[in-house]
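Step one of this worksheet: look at the structure below.
Each ligand, and each atom within it, is numbered from 1 in the order the structure gives.
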Amino acid sequence: MSSATTSSKHMAPIRACTVSRDVQNFDLLIEDMEMELGESWGDLTFPSALKYLDQNEARSLEFIAIALDDDDEANLSMVETVILRANTLNIRVLLIAEELGPTALHRLLRLGASDFVPYPLPEGALHDAIKRLRQPTIDVANISPQSRLQPMANQTMGSVYAVQPLAGGSGATTFAVNLAWEIANSGKTAPTVCLLDFDLQTGSIATYLDLARTEKVYELLSNTAVMDRDFFMNTLQTFNDKLKVLTAAADMLPLDLITPDDIERVLTMARANFDVVIVDMPGTVVQWTETVLNEADSYFTTMELDMRSAQNALRLIRALKAEDLPLSKLRYVLNRAPKFTDLSGKARAKRMAESLDIEFELMLPDGTTQVTHANDHGLPLAEISPKNPLLKEIRKLAASIAASNRDESRAAA
Ligand SMILES: Nc1ncnc2c1ncn2[C@@H]1O[C@H](COP(=O)(O)OP(=O)(O)O)[C@@H](O)[C@H]1O
Ligand SMILES: [Mg+2]
(Lines give C-alpha, C1' and ligand atoms only; values in the text may rest on other atoms or scores of the structure.)
(Ligands and ions follow the chains in the order given, each with its own letter.)
Protein backbone atom coordinates (compact mmCIF):
# COMPACT_ATOMS: atom_id res chain seq x y z
CA MET A 1 0.00 0.00 0.00
CA SER A 2 1.13 3.55 -0.57
CA SER A 3 -0.41 6.86 0.17
CA ALA A 4 -1.77 7.71 -3.27
CA THR A 5 -0.84 11.34 -2.93
CA THR A 6 2.83 10.40 -2.85
CA SER A 7 2.47 7.76 -5.53
CA SER A 8 4.80 9.49 -7.97
CA LYS A 9 7.74 8.13 -5.96
CA HIS A 10 6.64 4.59 -6.73
CA MET A 11 7.46 2.82 -9.93
CA ALA A 12 4.17 0.94 -10.31
CA PRO A 13 1.32 3.11 -11.59
CA ILE A 14 -1.51 3.33 -9.09
CA ARG A 15 -4.42 1.31 -10.50
CA ALA A 16 -6.78 1.55 -7.56
CA CYS A 17 -7.29 3.42 -4.31
CA THR A 18 -9.19 2.86 -1.16
CA VAL A 19 -11.08 5.89 0.11
CA SER A 20 -12.12 5.99 3.76
CA ARG A 21 -11.99 8.02 6.98
CA ASP A 22 -9.12 5.80 8.08
CA VAL A 23 -8.11 2.70 6.16
CA GLN A 24 -6.70 1.14 9.36
CA ASN A 25 -10.31 0.49 10.39
CA PHE A 26 -10.53 -1.92 7.46
CA ASP A 27 -7.47 -4.12 7.86
CA LEU A 28 -9.00 -7.01 5.96
CA LEU A 29 -9.44 -4.69 3.02
CA ILE A 30 -5.75 -3.76 3.19
CA GLU A 31 -4.82 -7.45 3.05
CA ASP A 32 -7.13 -8.18 0.12
CA MET A 33 -6.06 -5.12 -1.85
CA GLU A 34 -2.44 -6.18 -1.43
CA MET A 35 -3.30 -9.65 -2.64
CA GLU A 36 -5.16 -8.34 -5.71
CA LEU A 37 -2.96 -5.41 -6.67
CA GLY A 38 0.41 -5.82 -4.96
CA GLU A 39 2.04 -2.37 -4.72
CA SER A 40 -0.11 -0.62 -7.30
CA TRP A 41 -2.75 0.79 -5.03
CA GLY A 42 -2.96 3.67 -2.59
CA ASP A 43 -5.14 4.91 0.20
CA LEU A 44 -6.95 8.21 0.40
CA THR A 45 -9.21 10.06 2.76
CA PHE A 46 -12.32 11.73 1.33
CA PRO A 47 -10.84 15.23 1.05
CA SER A 48 -7.58 13.92 -0.40
CA ALA A 49 -9.55 11.76 -2.86
CA LEU A 50 -11.19 14.84 -4.33
CA LYS A 51 -7.83 16.49 -4.81
CA TYR A 52 -6.20 13.36 -6.19
CA LEU A 53 -8.96 12.71 -8.73
CA ASP A 54 -8.29 16.10 -10.27
CA GLN A 55 -4.66 15.22 -10.91
CA ASN A 56 -3.21 13.55 -13.97
CA GLU A 57 -2.01 10.49 -12.06
CA ALA A 58 -5.63 9.65 -11.37
CA ARG A 59 -6.15 8.91 -15.07
CA SER A 60 -4.52 5.50 -14.58
CA LEU A 61 -7.07 4.52 -11.92
CA GLU A 62 -9.26 1.58 -12.74
CA PHE A 63 -11.43 1.83 -9.65
CA ILE A 64 -11.72 3.26 -6.18
CA ALA A 65 -12.94 1.20 -3.23
CA ILE A 66 -14.89 3.40 -0.84
CA ALA A 67 -14.96 1.84 2.63
CA LEU A 68 -17.70 3.05 4.95
CA ASP A 69 -19.18 2.18 8.30
CA ASP A 70 -22.20 3.49 10.17
CA ASP A 71 -20.18 6.46 11.48
CA ASP A 72 -19.96 7.76 7.92
CA GLU A 73 -23.71 7.94 7.53
CA ALA A 74 -23.97 11.37 9.07
CA ASN A 75 -21.57 12.71 6.50
CA LEU A 76 -22.52 11.20 3.19
CA SER A 77 -22.33 14.35 1.09
CA MET A 78 -18.54 14.14 0.85
CA VAL A 79 -18.85 10.47 -0.16
CA GLU A 80 -21.38 11.44 -2.82
CA THR A 81 -19.10 14.10 -4.22
CA VAL A 82 -16.28 11.57 -4.55
CA ILE A 83 -18.59 9.12 -6.37
CA LEU A 84 -19.83 11.78 -8.78
CA ARG A 85 -16.33 12.94 -9.53
CA ALA A 86 -15.11 9.38 -10.15
CA ASN A 87 -18.07 8.84 -12.50
CA THR A 88 -17.19 11.81 -14.62
CA LEU A 89 -13.66 10.44 -14.96
CA ASN A 90 -14.87 6.98 -15.92
CA ILE A 91 -13.36 5.44 -12.80
CA ARG A 92 -15.45 2.59 -11.34
CA VAL A 93 -16.58 2.79 -7.74
CA LEU A 94 -16.78 -0.18 -5.40
CA LEU A 95 -18.42 0.22 -1.99
CA ILE A 96 -17.12 -1.71 1.01
CA ALA A 97 -19.80 -1.31 3.63
CA GLU A 98 -19.80 -2.19 7.30
CA GLU A 99 -23.19 -1.86 8.94
CA LEU A 100 -24.21 0.85 6.55
CA GLY A 101 -27.98 1.39 6.52
CA PRO A 102 -29.84 0.22 3.36
CA THR A 103 -31.11 3.71 2.58
CA ALA A 104 -27.60 5.11 2.50
CA LEU A 105 -26.35 2.14 0.51
CA HIS A 106 -29.15 2.45 -2.00
CA ARG A 107 -28.51 6.15 -2.40
CA LEU A 108 -24.82 5.62 -3.11
CA LEU A 109 -25.47 2.81 -5.58
CA ARG A 110 -28.03 4.90 -7.44
CA LEU A 111 -25.60 7.75 -7.58
CA GLY A 112 -23.15 5.68 -9.58
CA ALA A 113 -21.29 3.18 -7.39
CA SER A 114 -21.02 0.01 -9.50
CA ASP A 115 -21.03 -2.68 -6.87
CA PHE A 116 -20.89 -3.30 -3.15
CA VAL A 117 -19.24 -5.81 -0.86
CA PRO A 118 -20.04 -6.14 2.84
CA TYR A 119 -17.32 -5.80 5.47
CA PRO A 120 -15.78 -7.91 7.06
CA LEU A 121 -14.99 -9.15 3.58
CA PRO A 122 -16.09 -12.71 2.90
CA GLU A 123 -13.39 -14.95 1.43
CA GLY A 124 -12.71 -14.04 -2.21
CA ALA A 125 -15.39 -11.30 -2.26
CA LEU A 126 -13.05 -8.48 -3.27
CA HIS A 127 -11.50 -10.65 -5.96
CA ASP A 128 -14.92 -11.41 -7.45
CA ALA A 129 -16.06 -7.81 -7.26
CA ILE A 130 -12.95 -6.63 -9.11
CA LYS A 131 -13.55 -9.28 -11.75
CA ARG A 132 -17.11 -7.99 -12.23
CA LEU A 133 -15.85 -4.41 -12.50
CA ARG A 134 -13.47 -5.44 -15.26
CA GLN A 135 -16.15 -7.00 -17.39
CA PRO A 136 -16.85 -4.66 -20.28
CA THR A 137 -20.31 -3.13 -20.18
CA ILE A 138 -22.14 -1.78 -23.18
CA ASP A 139 -24.95 -0.43 -21.11
CA VAL A 140 -25.55 3.12 -22.36
CA ALA A 141 -26.50 4.22 -18.87
CA ASN A 142 -22.89 3.58 -17.95
CA ILE A 143 -21.40 5.93 -20.51
CA SER A 144 -19.80 8.55 -18.35
CA PRO A 145 -21.40 11.99 -18.33
CA GLN A 146 -17.98 13.37 -19.26
CA SER A 147 -17.96 11.45 -22.51
CA ARG A 148 -21.54 12.51 -23.20
CA LEU A 149 -20.35 16.06 -22.72
CA GLN A 150 -17.70 15.89 -25.39
CA PRO A 151 -18.91 17.26 -28.69
CA MET A 152 -18.78 15.00 -31.73
CA ALA A 153 -15.49 15.17 -33.55
CA ASN A 154 -16.91 17.25 -36.39
CA GLN A 155 -19.00 19.51 -34.21
CA THR A 156 -17.84 23.12 -33.92
CA MET A 157 -18.08 24.73 -30.54
CA GLY A 158 -20.12 27.92 -30.14
CA SER A 159 -18.52 31.30 -29.44
CA VAL A 160 -18.72 32.79 -25.96
CA TYR A 161 -19.29 36.47 -25.14
CA ALA A 162 -19.34 37.42 -21.48
CA VAL A 163 -20.44 40.70 -19.91
CA GLN A 164 -19.42 42.00 -16.49
CA PRO A 165 -20.46 45.33 -14.96
CA LEU A 166 -17.55 47.29 -13.51
CA ALA A 167 -19.97 49.20 -11.36
CA GLY A 168 -23.44 48.08 -10.33
CA GLY A 169 -26.17 49.37 -12.60
CA SER A 170 -23.81 50.16 -15.46
CA GLY A 171 -26.00 48.25 -17.88
CA ALA A 172 -24.34 44.82 -18.22
CA THR A 173 -27.54 42.81 -18.05
CA THR A 174 -29.44 45.13 -20.37
CA PHE A 175 -26.57 44.79 -22.83
CA ALA A 176 -26.40 40.98 -22.48
CA VAL A 177 -30.14 40.48 -22.92
CA ASN A 178 -30.51 42.75 -25.93
CA LEU A 179 -27.33 41.51 -27.57
CA ALA A 180 -28.56 37.92 -27.25
CA TRP A 181 -31.97 38.80 -28.66
CA GLU A 182 -30.52 40.78 -31.57
CA ILE A 183 -28.13 37.97 -32.55
CA ALA A 184 -30.95 35.42 -32.38
CA ASN A 185 -33.01 37.68 -34.69
CA SER A 186 -30.32 38.56 -37.20
CA GLY A 187 -32.11 37.12 -40.20
CA LYS A 188 -32.90 33.72 -41.68
CA THR A 189 -29.46 32.29 -41.03
CA ALA A 190 -29.24 33.70 -37.49
CA PRO A 191 -27.02 31.68 -35.15
CA THR A 192 -28.67 29.76 -32.31
CA VAL A 193 -28.18 31.63 -29.05
CA CYS A 194 -28.07 30.61 -25.41
CA LEU A 195 -28.09 33.24 -22.65
CA LEU A 196 -26.64 32.19 -19.28
CA ASP A 197 -27.29 34.17 -16.11
CA PHE A 198 -24.24 33.53 -13.94
CA ASP A 199 -25.04 36.48 -11.68
CA LEU A 200 -26.04 33.91 -9.09
CA GLN A 201 -27.31 36.27 -6.43
CA THR A 202 -28.77 39.29 -8.12
CA GLY A 203 -29.34 37.88 -11.58
CA SER A 204 -32.08 39.82 -13.31
CA ILE A 205 -32.37 38.17 -16.71
CA ALA A 206 -35.52 36.38 -15.52
CA THR A 207 -37.03 39.81 -14.78
CA TYR A 208 -35.84 41.44 -18.00
CA LEU A 209 -37.34 38.62 -20.09
CA ASP A 210 -40.28 37.82 -17.82
CA LEU A 211 -39.27 34.20 -17.28
CA ALA A 212 -39.96 32.08 -14.21
CA ARG A 213 -37.16 31.38 -11.74
CA THR A 214 -37.37 27.63 -11.38
CA GLU A 215 -35.94 25.16 -8.88
CA LYS A 216 -34.47 23.28 -11.84
CA VAL A 217 -31.57 25.72 -12.11
CA TYR A 218 -30.37 24.91 -8.60
CA GLU A 219 -30.70 21.20 -9.39
CA LEU A 220 -28.54 21.66 -12.46
CA LEU A 221 -25.85 23.83 -10.90
CA SER A 222 -25.45 21.53 -7.92
CA ASN A 223 -25.28 18.40 -10.08
CA THR A 224 -23.18 19.41 -13.07
CA ALA A 225 -21.10 16.26 -12.71
CA VAL A 226 -24.06 14.15 -13.81
CA MET A 227 -25.49 16.64 -16.27
CA ASP A 228 -26.22 15.26 -19.72
CA ARG A 229 -27.61 17.09 -22.72
CA ASP A 230 -31.26 16.46 -21.82
CA PHE A 231 -30.80 17.64 -18.25
CA PHE A 232 -29.18 20.84 -19.55
CA MET A 233 -31.69 21.53 -22.33
CA ASN A 234 -34.64 20.84 -20.04
CA THR A 235 -33.39 23.40 -17.56
CA LEU A 236 -33.30 26.15 -20.18
CA GLN A 237 -36.32 28.31 -20.81
CA THR A 238 -37.38 29.61 -24.18
CA PHE A 239 -38.07 33.27 -24.78
CA ASN A 240 -40.37 34.00 -27.76
CA ASP A 241 -39.37 30.79 -29.59
CA LYS A 242 -35.91 32.04 -30.47
CA LEU A 243 -33.75 32.42 -27.41
CA LYS A 244 -32.78 29.78 -24.83
CA VAL A 245 -32.11 31.08 -21.36
CA LEU A 246 -30.61 29.69 -18.17
CA THR A 247 -31.99 32.10 -15.55
CA ALA A 248 -30.47 32.53 -12.10
CA ALA A 249 -31.85 30.14 -9.47
CA ALA A 250 -34.99 30.96 -7.51
CA ASP A 251 -33.00 31.41 -4.29
CA MET A 252 -29.84 33.45 -3.80
CA LEU A 253 -26.95 31.02 -4.11
CA PRO A 254 -23.68 31.48 -2.25
CA LEU A 255 -21.13 32.43 -4.90
CA ASP A 256 -18.71 29.75 -3.71
CA LEU A 257 -21.30 26.97 -4.05
CA ILE A 258 -20.42 26.83 -7.72
CA THR A 259 -16.91 25.72 -8.57
CA PRO A 260 -14.84 26.47 -11.66
CA ASP A 261 -15.53 22.87 -12.75
CA ASP A 262 -19.30 23.46 -12.60
CA ILE A 263 -18.99 26.58 -14.70
CA GLU A 264 -16.69 24.84 -17.16
CA ARG A 265 -19.15 21.98 -17.62
CA VAL A 266 -22.13 24.29 -18.15
CA LEU A 267 -20.18 26.40 -20.64
CA THR A 268 -18.96 23.34 -22.52
CA MET A 269 -22.47 21.98 -22.71
CA ALA A 270 -23.82 25.33 -23.93
CA ARG A 271 -21.06 25.68 -26.54
CA ALA A 272 -21.65 22.14 -27.77
CA ASN A 273 -25.33 22.91 -28.41
CA PHE A 274 -25.46 26.56 -29.52
CA ASP A 275 -23.63 28.75 -32.03
CA VAL A 276 -23.36 31.68 -29.63
CA VAL A 277 -23.33 31.73 -25.83
CA ILE A 278 -23.83 35.01 -23.96
CA VAL A 279 -22.89 35.03 -20.27
CA ASP A 280 -24.07 37.66 -17.77
CA MET A 281 -21.47 37.80 -14.98
CA PRO A 282 -21.68 39.13 -11.42
CA GLY A 283 -20.07 42.50 -10.72
CA THR A 284 -17.49 40.93 -8.44
CA VAL A 285 -14.51 38.80 -9.39
CA VAL A 286 -15.18 35.23 -8.25
CA GLN A 287 -13.26 31.94 -8.25
CA TRP A 288 -14.57 31.11 -11.69
CA THR A 289 -14.17 34.51 -13.38
CA GLU A 290 -10.94 33.11 -14.79
CA THR A 291 -12.80 30.08 -16.17
CA VAL A 292 -15.21 32.28 -18.10
CA LEU A 293 -12.47 34.64 -19.22
CA ASN A 294 -10.49 31.73 -20.62
CA GLU A 295 -13.49 30.34 -22.51
CA ALA A 296 -14.69 33.70 -23.80
CA ASP A 297 -13.99 35.04 -27.27
CA SER A 298 -14.63 38.52 -25.90
CA TYR A 299 -15.22 39.67 -22.34
CA PHE A 300 -17.18 42.93 -22.27
CA THR A 301 -17.00 45.17 -19.21
CA THR A 302 -19.57 47.91 -18.89
CA MET A 303 -18.82 51.19 -17.16
CA GLU A 304 -20.04 54.73 -16.95
CA LEU A 305 -18.28 58.02 -17.11
CA ASP A 306 -17.65 58.36 -13.39
CA MET A 307 -14.91 57.89 -10.81
CA ARG A 308 -16.47 54.68 -9.47
CA SER A 309 -16.21 52.94 -12.85
CA ALA A 310 -12.71 54.30 -13.46
CA GLN A 311 -11.39 53.02 -10.15
CA ASN A 312 -13.05 49.62 -10.51
CA ALA A 313 -11.65 49.29 -14.01
CA LEU A 314 -8.19 50.01 -12.71
CA ARG A 315 -8.58 47.40 -9.98
CA LEU A 316 -9.84 44.77 -12.41
CA ILE A 317 -7.04 45.40 -14.88
CA ARG A 318 -4.45 45.14 -12.09
CA ALA A 319 -5.99 41.93 -10.73
CA LEU A 320 -6.01 40.29 -14.16
CA LYS A 321 -2.44 41.38 -14.85
CA ALA A 322 -1.25 40.03 -11.50
CA GLU A 323 -2.77 36.64 -12.30
CA ASP A 324 -1.44 36.66 -15.84
CA LEU A 325 -4.93 36.36 -17.27
CA PRO A 326 -5.76 37.17 -20.90
CA LEU A 327 -6.34 40.89 -20.58
CA SER A 328 -6.53 41.17 -24.35
CA LYS A 329 -10.01 39.64 -24.32
CA LEU A 330 -11.42 42.59 -22.41
CA ARG A 331 -13.68 44.88 -24.44
CA TYR A 332 -14.46 48.15 -22.69
CA VAL A 333 -18.00 49.43 -23.07
CA LEU A 334 -18.89 52.96 -22.04
CA ASN A 335 -22.59 53.05 -21.24
CA ARG A 336 -24.65 56.23 -21.16
CA ALA A 337 -21.85 57.68 -23.23
CA PRO A 338 -21.87 61.42 -23.96
CA LYS A 339 -23.75 62.50 -27.07
CA PHE A 340 -21.97 63.60 -30.23
CA THR A 341 -22.66 67.23 -29.40
CA ASP A 342 -21.51 66.98 -25.78
CA LEU A 343 -17.96 68.15 -26.32
CA SER A 344 -16.93 68.36 -22.68
CA GLY A 345 -18.37 64.91 -22.00
CA LYS A 346 -16.44 63.52 -24.94
CA ALA A 347 -13.25 65.11 -23.67
CA ARG A 348 -13.83 63.51 -20.26
CA ALA A 349 -14.37 60.09 -21.87
CA LYS A 350 -11.14 60.50 -23.79
CA ARG A 351 -9.23 61.42 -20.62
CA MET A 352 -10.71 58.46 -18.76
CA ALA A 353 -9.63 56.05 -21.49
CA GLU A 354 -6.15 57.57 -21.60
CA SER A 355 -5.65 57.42 -17.86
CA LEU A 356 -6.66 53.75 -17.83
CA ASP A 357 -4.65 53.04 -20.95
CA ILE A 358 -7.66 51.43 -22.61
CA GLU A 359 -9.91 52.11 -25.55
CA PHE A 360 -13.67 52.19 -25.46
CA GLU A 361 -14.68 49.82 -28.23
CA LEU A 362 -18.34 50.52 -27.74
CA MET A 363 -20.06 53.72 -26.78
CA LEU A 364 -23.65 53.01 -25.79
CA PRO A 365 -25.96 56.03 -25.68
CA ASP A 366 -28.49 56.71 -23.00
CA GLY A 367 -31.66 54.98 -24.12
CA THR A 368 -33.87 57.07 -21.83
CA THR A 369 -36.57 55.66 -19.58
CA GLN A 370 -37.64 53.42 -22.48
CA VAL A 371 -34.86 51.04 -21.45
CA THR A 372 -36.04 50.55 -17.88
CA HIS A 373 -39.59 50.41 -19.17
CA ALA A 374 -38.72 47.54 -21.53
CA ASN A 375 -36.82 45.72 -18.76
CA ASP A 376 -39.69 46.13 -16.33
CA HIS A 377 -42.08 44.74 -18.91
CA GLY A 378 -39.88 41.74 -19.50
CA LEU A 379 -39.21 42.53 -23.16
CA PRO A 380 -36.12 43.18 -25.28
CA LEU A 381 -35.95 46.75 -26.60
CA ALA A 382 -36.66 45.61 -30.16
CA GLU A 383 -40.09 44.37 -29.11
CA ILE A 384 -41.23 47.55 -27.45
CA SER A 385 -39.03 50.50 -28.58
CA PRO A 386 -37.67 49.53 -31.99
CA LYS A 387 -36.20 53.00 -32.63
CA ASN A 388 -34.33 53.27 -29.37
CA PRO A 389 -30.78 54.67 -29.83
CA LEU A 390 -29.28 52.09 -27.42
CA LEU A 391 -30.85 49.30 -29.44
CA LYS A 392 -29.29 50.64 -32.67
CA GLU A 393 -25.77 50.39 -31.23
CA ILE A 394 -26.31 46.91 -29.80
CA ARG A 395 -27.76 45.79 -33.13
CA LYS A 396 -24.57 46.77 -34.98
CA LEU A 397 -22.48 44.59 -32.69
CA ALA A 398 -25.01 41.74 -32.98
CA ALA A 399 -24.79 41.92 -36.77
CA SER A 400 -21.01 41.67 -36.71
CA ILE A 401 -21.08 38.73 -34.30
CA ALA A 402 -23.68 36.95 -36.45
CA ALA A 403 -21.60 37.59 -39.58
CA SER A 404 -18.38 36.26 -38.06
CA ASN A 405 -20.32 33.24 -36.88
CA ARG A 406 -21.52 32.58 -40.44
CA ASP A 407 -17.94 32.89 -41.73
CA GLU A 408 -16.73 30.44 -39.12
CA SER A 409 -19.38 27.86 -39.84
CA ARG A 410 -18.68 28.17 -43.57
CA ALA A 411 -14.96 27.68 -42.91
CA ALA A 412 -15.72 24.62 -40.78
CA ALA A 413 -18.03 23.10 -43.42
N1 LIG B 1 -28.04 52.89 -21.91
C2 LIG B 1 -29.03 52.95 -21.02
N3 LIG B 1 -29.97 53.90 -21.11
C4 LIG B 1 -30.97 53.97 -20.20
N5 LIG B 1 -31.12 53.15 -19.17
C6 LIG B 1 -30.21 52.16 -19.01
C7 LIG B 1 -29.12 52.01 -19.93
N8 LIG B 1 -28.39 50.95 -19.54
C9 LIG B 1 -28.98 50.46 -18.42
N10 LIG B 1 -30.08 51.19 -18.10
C11 LIG B 1 -30.94 50.98 -16.92
O12 LIG B 1 -30.09 50.95 -15.78
C13 LIG B 1 -30.52 49.99 -14.83
C14 LIG B 1 -29.41 49.00 -14.52
O15 LIG B 1 -29.14 48.23 -15.68
P16 LIG B 1 -28.64 46.72 -15.65
O17 LIG B 1 -28.52 46.32 -17.07
O18 LIG B 1 -29.48 45.90 -14.77
O19 LIG B 1 -27.20 46.92 -15.00
P20 LIG B 1 -26.13 45.89 -14.40
O21 LIG B 1 -26.42 44.55 -14.93
O22 LIG B 1 -24.81 46.44 -14.84
O23 LIG B 1 -26.28 45.98 -12.91
C24 LIG B 1 -31.76 49.33 -15.42
O25 LIG B 1 -32.89 49.94 -14.87
C26 LIG B 1 -31.66 49.62 -16.92
O27 LIG B 1 -32.94 49.72 -17.48
MG1 LIG C 1 -26.80 42.72 -13.91
Who gets closest to atom 27 (O) of ligand 1 by heavy atom: Asn375, Asp199, Thr174? Asn375

Non-hydrogen atom of Asp366 closer than 4.0 Å to ligand 1: yes

With a 4.0 Å cut-off, would you call Arg21 and Asp71 a salt bridge? yes

Between Thr174 and Asn375, is there a side-chain donor-acceptor contact under 3.5 Å, judged purely by atom types and distance? yes

Taking atom 21 (O) of ligand 1 as the reference point, the nearest protein heavy atom with its distance: Thr173 OG1, 2.8 Å

State plainly whether the residues Asp261 and Arg85 are in salt-bridge range, i.e. N to O under 4.0 Å. yes

In terms of residue, atom name and distance, what is the protein heavy atom nearest to atom 25 (O) of ligand 1? Thr372 OG1, 3.3 Å

Could you find the nearest protein heavy atom to atom 12 (O) of ligand 1 and give me its residue, atom name and distance? Arg336 NH2, 3.0 Å

Just jot down the ligand 1 atoms closer than 4.0 angstrom to any heavy atom of Gly367, in number order. 1 (N), 2 (C), 3 (N), 4 (C)

Return yes or no for this condition: an N or O of Leu364 is under 3.5 Å from an N or O of ligand 1. no

Sub-4.0 Å atoms of ligand 1 with respect to non-hydrogen atoms of Leu390: 1 (N), 2 (C)

I'd like to check Val277 versus Tyr161 (side-chain heavy atoms, cut-off strictly below 4.5 Å). Are they in contact? no

What distance separates Glu359 CD from Arg331 CZ, expressed to the nearest 0.5 Å? 10.5 Å

Any side-chain heavy atom of Phe274 sitting closer than 4.5 Å to one from Lys244? yes

Check whether any side-chain heavy atom of Leu94 sits under 4.5 Å from a side-chain heavy atom of Ile64, and report yes or no. no

Considering only heavy atoms from C-beta outward, does the side chain of Trp181 approach that of Glu383 to under 4.5 Å? yes

Is the closest side-chain heavy-atom distance between Val333 and Met303 below 4.5 Å? no

Would you say Thr247 and Leu209 make side-chain contact, with heavy atoms under 4.5 Å? no

Among Asn335, Val163, Thr207, Asp280, which residue places a heavy atom closest to atom 8 (N) of ligand 1? Asn335

Under 2.8 Å from the Mg ion (ligand 2), how many protein N/O/S atoms do you get? Just the number, please. 1

Any N or O on Ala172 sitting closer than 3.5 Å to an N or O of ligand 1? yes

What atoms in ligand 1 come closer than 4.0 Å to a heavy atom of Pro165? 22 (O)

List ligand 1 atoms under 4.0 Å from Tyr208, heavy atoms only on the residue side. 15 (O), 16 (P), 17 (O), 18 (O), 24 (C)

List the closest protein heavy-atom neighbour of atom 23 (O) of ligand 1: residue, atom name, distance to the nearest 0.1 Å. Gly169 N, 2.9 Å

Measure the distances from the heavy atoms of Pro365 to every atom of ligand 1 and state whether one is below 4.0 angstrom. yes

What protein heavy atom sits nearest atom 19 (O) of ligand 1, and how far away is it? Gly171 N, 3.1 Å

Does Phe175 come within less than 4.0 Å of ligand 1, judged by its heavy atoms? no

Hey, does Val266 have a side-chain heavy atom less than 4.5 Å from the side chain of Phe198? yes

Does a donor on one side chain and an acceptor on the other come within less than 3.5 Å for Thr235 and Lys216? no

Can you tell which of Ile358, Leu325, Leu293 makes a side chain to side chain contact (heavy atoms under 4.5 Å, CB included) with Leu330? Leu293

